[in-house]
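Read through the structure below, which is laid out as structure tokens, and then see the notes.
Only this structure's heavy atoms are used, side chains among them; waters, hydrogens and symmetry mates stay out.
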Amino acid sequence: MSFVHELRVRYGECDPQGIVFNANYLLYFDVAFTEYWRDRVGRWDDMVSFGVDVVVAEANLRFRAPARFDDVLALEVTTEELGKTSMTTRIDVQRDGELLVEMRLRHVFVDRATWSKTAMPDGIREQLAAPAP
């Protein structure tokens with residue numbers, strides 16, 4: 001199941017070439033993932049009740065075409081894999097249906113007290129695996 005979050009490119013996010021500076025895509029992905037999480041699981045802070053948090057363990061980006069100032073981007077978030085202690089999410093950045101950037105994020109679940117890797121709570125797994133609301 002996928003989730004789409006739209007955002008508009010701000011002037012300060014562009015480099016001297018007039019295109020979105022590549023590092024800003026990580027910020028875009030964080031915003032989209034947070035909104036996806038809110039839609040599927042709930043507020044990020046609610047994770048505390050499960051005694052866990054998630055941290056980015058890996059990020060892979062493939063750039064296909066540039067985005068520019070004032071473009072409206074659609075970030076489509078899809079969970080690709082739910083492992084025992086991690087999840088892999090794909091985020092496609094599109095402008096008017098054109099694929100600009102593909103990204104895969106792997107988040108690892110950690111115990112909030114020790115920050116060591118831990119199993120994904122069943123309640124979170126069920127919410128991520130369920131059909132979109």
Taking side-chain contact (heavy atoms from CB on, under 4.5 Å) as the test, write out the residues that go with [X], two or more places apart.
X	answer
R125	L82, M120
T34	D30, R38
S49	none
E13	V9, R10, N24, Y28

**OP:** Run through the side-chain heavy atoms of Ile, Leu, Val, Met, Phe, Trp and Tyr, join any pair under 4.5 Å, and report what else lands in I19's cluster.
**Re:** none

Original post:
Mind checking what makes side chain to side chain donor-acceptor pair (under 3.5 Å) contact with R8, not counting sequence neighbours?
Top reply: D70

Atom [atom1] of [X] and atom [atom2] of [Y]: how far apart are they, to the nearest 0.5 Å?
X	Y	atom1	atom2	answer
R64	E102	CZ	CD	4.0 Å
L26	M103	CG	CE	5.0 Å
K84	K117	NZ	NZ	9.0 Å
T85	R106	OG1	CZ	7.5 Å
E76	S2	CD	OG	4.0 Å

Can you name the salt bridge (Lys or Arg N to Asp or Glu O under 4.0 Å) partners of [X], sequence neighbours left out?
X	answer
R112	D53
R95	D71, E98
E80	R104
E81	none

Any side-chain heavy atom of [X] within less than 4.5 Å of one from [Y]?
X	Y	answer
V101	N22	no
I124	V52	yes
F3	L75	no
F29	V77	no

Transitive ILVMFWY side-chain link [X] to [Y], under 4.5 Å:
X	Y	answer
L61	M87	yes
V41	Y36	yes
V110	L128	no
V48	W37	no
L99	V4	no

Subject >> ring pair (Phe, Tyr, Trp, His ring centres under 6.0 Å) pairs, two or more places apart, involving residues 46-98 >> reply: Y11-F69, Y25-F63

Subject >> Summary of ring pair (Phe, Tyr, Trp, His ring centres under 6.0 Å) pairs that have at least one residue in residues 81-126, sequence neighbours excluded >> reply: F33-H107

Original post:
Closest approach of R68 and Q17, non-hydrogen atoms and distance?
Top reply: NH1-O, 4.1 Å

